[in-house]
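The structure under discussion appears below in the form of structure tokens.
Please read these numbers as outputs of a predicted model, since none were measured by experiment. Residue numbering restarts at 1 for every chain, and letters A, B, ... go by the order of the sequence lines.
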There are 4 protein chains.
Amino acid sequence: MKVKVFLFAILLLGSVTLTAQRRILNIPDIPGYVTLKCDFHSHTVFSDGEVWPTQRVGEAWRDGLDALAITDHIEYRPHKDFISNDLNAAWKIAKPVADDYNLILVHGTEITRSMPPGHLNALFILDADSLDKKDFMKVIEAAVKQGAFIQYNHPGWKAQQPDGIPRLYPVHLELIAKGWLNGIEYFNEYETYRNATVMEMCREHKLAVMGNSDVHGVISETYMEPEYTHRPVTLVFARERTMESLREAMFAGRTAVWYGDSLAGFEQFTGPIFRAAVKAGVPYKDDGKNIFFNITNNSDLPMKLTGGPEGAPAELTLPANQVVRVKANKRYLEQPLTYSVSNIVTGSGTVLRAEIPIPLK
Amino acid sequence: MKVKVFLFAILLLGSVTLTAQRRILNIPDIPGYVTLKCDFHSHTVFSDGEVWPTQRVGEAWRDGLDALAITDHIEYRPHKDFISNDLNAAWKIAKPVADDYNLILVHGTEITRSMPPGHLNALFILDADSLDKKDFMKVIEAAVKQGAFIQYNHPGWKAQQPDGIPRLYPVHLELIAKGWLNGIEYFNEYETYRNATVMEMCREHKLAVMGNSDVHGVISETYMEPEYTHRPVTLVFARERTMESLREAMFAGRTAVWYGDSLAGFEQFTGPIFRAAVKAGVPYKDDGKNIFFNITNNSDLPMKLTGGPEGAPAELTLPANQVVRVKANKRYLEQPLTYSVSNIVTGSGTVLRAEIPIPLK
Amino acid sequence: MKVKVFLFAILLLGSVTLTAQRRILNIPDIPGYVTLKCDFHSHTVFSDGEVWPTQRVGEAWRDGLDALAITDHIEYRPHKDFISNDLNAAWKIAKPVADDYNLILVHGTEITRSMPPGHLNALFILDADSLDKKDFMKVIEAAVKQGAFIQYNHPGWKAQQPDGIPRLYPVHLELIAKGWLNGIEYFNEYETYRNATVMEMCREHKLAVMGNSDVHGVISETYMEPEYTHRPVTLVFARERTMESLREAMFAGRTAVWYGDSLAGFEQFTGPIFRAAVKAGVPYKDDGKNIFFNITNNSDLPMKLTGGPEGAPAELTLPANQVVRVKANKRYLEQPLTYSVSNIVTGSGTVLRAEIPIPLK
Amino acid sequence: MKVKVFLFAILLLGSVTLTAQRRILNIPDIPGYVTLKCDFHSHTVFSDGEVWPTQRVGEAWRDGLDALAITDHIEYRPHKDFISNDLNAAWKIAKPVADDYNLILVHGTEITRSMPPGHLNALFILDADSLDKKDFMKVIEAAVKQGAFIQYNHPGWKAQQPDGIPRLYPVHLELIAKGWLNGIEYFNEYETYRNATVMEMCREHKLAVMGNSDVHGVISETYMEPEYTHRPVTLVFARERTMESLREAMFAGRTAVWYGDSLAGFEQFTGPIFRAAVKAGVPYKDDGKNIFFNITNNSDLPMKLTGGPEGAPAELTLPANQVVRVKANKRYLEQPLTYSVSNIVTGSGTVLRAEIPIPLK
């Protein structure tokens with residue numbers, strides 16, 4: 001109705017509304033780590049976004065995220081005639097609400113230059129105002145001194161890279177050499193063009209593979225069913241669900257990207273996710289030649305299996321959170337049943353190879 | 001992606017996105033008038049809302065509205081440390097986008113006082129800044145001089161009226177006597193308590209019956225399927241789809257309210273809507289005693305018929321935009337088939353009585 | 001609950017349930033003809049289907065169809081140990097319910113031979129039992145004597161035609177020469193492979209282009225949102241909605257096929273459908289160089305426009321029953337705005353070319 | 001396409017279709033038992049149903065059921081002119097498919113008499129033909145000799161009990177005395193009228209509380225979203241997922257009923273379900289007076305909490321598979337936070353009282 005500061009007020013009063021509930025994003029933890037779901041790139045009215053910072057917090061909480069960064073542009077502020085010039089305004093407004101909802105709010109900003117170097121997010125900063133200076137390297141240096149994780153954003157964005165091919169320019173290599181570049185966006189908004197190049201850059205330079213929404217409008221209007229069931233997120237494999245663990249894991253490169261119906265990440269992370277999610281059941285029938293058994297995919301990520309071995313289904317889609325029945329030759333009680341997982345990208349031209357063990361009892 | 005002023009930019013470039021399409025709200029025109037779908041109560045970041053003014057325009061366009069008023073509070077501006085103190089800011093930002101999309105943008109504001117007089121919207125104003133003064137009557141007088149239509153908002157809101165019963169206080173009667181009050185909200189946001197009282201106030205004082213969203217957050221998150229298929233709107237029966245015709249019709253009281261699965265309005269307007277939407281087909285079977293025929297409801301408003309006559313269905317729901325088959329005694333070829341339409345409210349304790357003629361050929 | 005003959009019983013008693021309503025399929029009529037929506041290929045438990053004939057009638061009625069044929073196999077009856085050997089059983093059971101619901105029930109059967117000739121539906125027959133004989137040509141002759149329309153089914157079905165290419169064999173050409181073959185399925189179930197070949201066969205031999213579900217299971221489980229919004233149907237352009245008009249139109253080849261998001265039919269039928277569905281509005285803005293206007297698609301068929309002329313959107317999707325805003329050079333007030341409609345197939349390698357006139361007033 | 005025996009054929013060939021996947025019904029196991037989801041009442045074309053037995057098996061498998069009984073009427077067979085008079089036909093057809101899919105198919109039938117005794121299902125029978133005799137007690141005796149579990153069906157069905165009040169007649173009491181009545185339907189199809197009476201009958205006579213679909217049409221058309229997310233099922237708390245364990249648990253009365261958004265069952269079963277599903281998280285904020293924490297409902301059953309204690313939300317809905325944030329007085333770190341669960345019925349006029357412990361670490 002009227003005169004309410006924000007939607008959350010309703011919950012504070014203890015009642016529950018349609019939207020005041022938090023979804024569970026079902027991507028399993030992996031041995032040794034919790035899998036945090038994070039969006040490290042978003043905008044508000046304080047740069048060129050359409051929403052107030054509290055809306056971003058509410059969206060992230062309802063979407064089941066563990067961490068969010070609001071990263072308004074420093075250099076591009078088309079609303080500036082109508083808003084405060086405090087570059088920390090979004091942070092100041094969002095932080096108390098995030099605390100009330102146990103959302104890890106990462107203080108961030110987007111350093112917005114023409115190519116090269118293009119756009120870079122500084123995450124885990126202390127003060128955005130001090131990053132509003134001309135000299136690019138000085139800005140990065142200042143951010144790094146604040147403890148920032150620096151992410152190179154949407155390197156294949158056609159407005160900046162007309163052929164769509166992600167590239168590292170000398171300035172980026174210089175940053176890498178100094179330890180001032182820590183991650184690259186493999187995925188941004190809806191972007192899929194030539195991403196896999198980014199995986200190889202990250203592998204070579206030991207950077208974190210990142211994926212974020214870069215949302216400007218409303219999240220639920222940007223990623224709508226049936227086309228999208230969730231926003232793109234960076235999965236961070238952290239020791240625990242704290243700001244410190246999150247930061248440690250990112251600097252250590254323990255990340256993957258979940259976008260649309262796909263996952264991208266190095267095998268050391270995506271392999272354990274697959275194995276945690278996909279389980280075959282004990283065969284319930286043996287007709288002499290074949291065994292019949294179920295495979296359950298206990299995750300929100302469908303698994304698209306291809307290249308099945310002889311005597312087993314050549315292709316098999318394991319829908320999210322569902323069970324599929326399989327009939328396969330008895331030999332797979334003794335030898336591994338191995339597939340390529342076509343929607344889990346592990347590098348340029350490579351996808352996850354995964355074994356599905358069939359239990360005897 | 002990044003650095004885009006607003007979602008519409010995409011359309012301006014000529015391509016089409018998921019959200020860049022306009023829904024058609026199927027409520028029929030009535031003889032002599034077009035039925036305009038309007039929301040005369042909404043907020044942005046410039047008072048206590050969560051979105052930028054262009055988001056409101058985009059929502060209204062996609063929702064199929066003909067007219068929208070942004071009505072930020074004059075006296076209640078919790079974001080004021082971070083935003084401009086220009087009370088016309090939302091209007092200035094929204095107007096060019098509305099023009100590009102052929103949305104009738106009504107310049108408005110919400111005069112926000114404690115009870116009485118409570119909250120009143122001034123619609124069709126020229127300048128909100130000049131309405132920021134202490135003396136309530138002077139403010140209304142100034143608005144009226146600008147040509148404003150004055151709407152008394154959510155008269156049963158419990159924060160202001162603890163028993164939930166809408167009342168006209170002496171100050172309201174004084175406004176009415178001067179011709180300075182022109183409509184009352186029968187419906188606001190999700191509010192249904194004791195609304196029918198408002199219909200009688202409007203009938204007695206010849207005021208327009210109004211219904212609006214009073215949205216603060218995101219429209220698509222406030223009214224979600226399956227519970228809500230559309231936001232609440234004021235239907236205005238105008239000579240044509242122009243700002244001038246809209247204004248004329250509102251001052252003349254030619255309005256109704258479509259909220260949830262219900263309609264509220266005087267019989268002179270709701271009767272013609274029912275007759276335009278609901279049509280029986282020629283009976284296709286006659287078994288000697290009964291005739292079999294279809295009834296089509298060509299509107300987005302389901303019709304809930306009760307109190308059917310003998311030999312016809314006692315109750316009959318005509319779902320929106322669907323066909324229902326009916327079997328009824330042959331006598332209804334000759335005498336009227338009459339129902340109460342339980343979800344079309346025509347006053348306090350009264351609903352529409354409607355005849356469905358069965359055509360012979 | 002229990003002991004009810006079929007779901008419709010509920011309606012007969014005059015009350016209404018969730019499923020007892022009929023959807024409106026919004027494909028417009030064309031000048032001179034009503035557009036009947038028909039499925040001429042379906043199965044029940046009396047051959048290899050999973051449902052009782054009354055379920056087929058209920059599905060067709062709820063789906064908004066005008067006509068349905070149940071076409072159980074004569075020669076393939078895997079349930080025969082458990083069901084009657086009366087080949088007209090499905091017809092006898094379904095007909096009274098169809099009459100109660102004003103559904104045009106076409107008496108049909110599927111003559112089921114190996115290739116060639118393959119499978120052919122005989123529609124508008126009088127008695128299926130008399131078609132249960134060995135000699136194929138005698139069967140067709142007998143059906144034709146009953147007045148049957150003969151349809152060659154799924155000519156590219158890989159179980160019968162391993163390369164998937166539809167072909168007319170000598171036996172089919174013999175049927176055509178005698179006037180004993182009247183239509184060919186361009187679309188069957190989910191099948192899209194090499195269909196366009198069928199359009200050319202139909203053009204050359206003056207046969208009707210057909211498209212049907214060939215449903216064996218439950219329609220609502222076979223065509224589910226979001227992938228499918230409706231079953232595939234043959235559109236028949238008939239003088240009126242009667243069995244006789246339907247039959248006349250089919251023998252005259254006045255048909256098209258609506259499947260998924262696409263339409264296939266000769267330009268003389270699909271052109272008028274496009275023109276009846278798609279309307280530009282009067283431009284509401286002129287910025288000196290460009291005009292701004294809406295295009296409304298008043299049909300359930302989205303229109304995918306490609307190859308737009310200079311100064312207009314190169315591509316434009318007009319979603320079903322929605323409005324899209326367009327900005328185009330002013331010259332299109334004077335010269336035609338022409339597009340290819342990529343999802344309206346008019347022949348092998350050809351799609352509809354369509355003009356969208358922009359009204360001045 | 002064509003000539004396929006049933007939908008499952010597709011899976012047997014190793015590929016996967018839209019419908020060839022099995023949903024997981026998320027109702028937790030309870031200490032000592034697995035929670036089997038079962039429907040013990042359904043019909044096919046062999047009595048008055050609309051579908052072939054294999055459709056029932058496919059529905060049950062896709063719906064995530066563990067066990068299904070097909071229970072065609074012995075005495076009411078309106079399709080008998082067109083189908084076999086073998087009363088075991090449905091069983092014979094369905095059994096091999098159920099075995100291929102690891103669905104526990106319970107051999108059953110519905111003994112269909114006028115009131116009293118009304119309709120009773122005999123479950124776990126060996127032969128339905130031998131139960132087709134006139135004398136009711138003899139029929140039950142024969143079923144019991146086969147090992148049958150006897151269920152009294154829909155005791156409040158208005159066609160048999162016009163006032164809708166479930167009653168045990170002398171004949172039922174006689175059955176109970178002999179141990180020949182083992183369960184009563186608390187829920188049937190959509191029926192909710194006066195069910196709680198049934199709970200007290202079951203408590204007094206130590207019978208199993210049952211709830212089933214009694215489906216005649218298509219399951220997915222009978223229980224549609226958003227109104228229904230699943231069919232009504234009997235939950236059976238069995239030692240393991242086998243026919244023998246199922247039977248043992250039913251005779252021991254270890255059952256509950258999950259229907260719509262509600263659960264009915266004695267506290268010894270519903271209490272553990274609540275405790276397995278609902279978990280509070282460690283408080284993440286303490287503002288001196290209140291603690292802030294999440295409550296997760298890890299089940300498909302929403303929990304509607306009412307009667308909250310002072311300093312905690314008076315009402316709280318825990319949506320299925322979601323998280324809700326709660327703010328409550330610090331005292332609930334030390335004393336139990338107790339609610340009534342209004343949608344878990346434990347008897348006539350009673351609902352579950354449940355404590356939610358708040359963990360310290």
Rounded to the nearest 0.5 Å, what separation is found between the CD atom of C:E50 and the CD atom of D:E50?
13.5 Å

Run the numbers on C:F82 and D:I93 for side-chain contact (heavy atoms from CB on, under 4.5 Å), then give the verdict.
CA-CA 9 Å; C:F82 297 103; D:I93 293 165; 3.6 Å; yes

Determine whether D:E221 and C:Q55 satisfy the following criterion, side-chain hydrogen bond (donor to acceptor under 3.5 Å, both in side chains), listing intermediate values before the conclusion.
CA-CA 11 Å; D:E221 296 180 343; C:Q55 168 71 14; 3.2 Å; yes

d(D:D48 CG, C:W52 CH2) to nearest 0.5 Å is 11.0 Å

Side chain from CB out, backbone as N, CA, C, O: work out which of these in C:D81 comes under 4.5 Å of a heavy atom of chain D, or both, or neither.
backbone

Find the distance between OG (C:S220) and CE (D:M224) and round it off to the nearest 0.5 Å.
8.0 Å

Which of C:T44, C:V45, C:N85, C:N153 touches chain D most, by non-hydrogen pairs under 4.5 Å:
C:V45

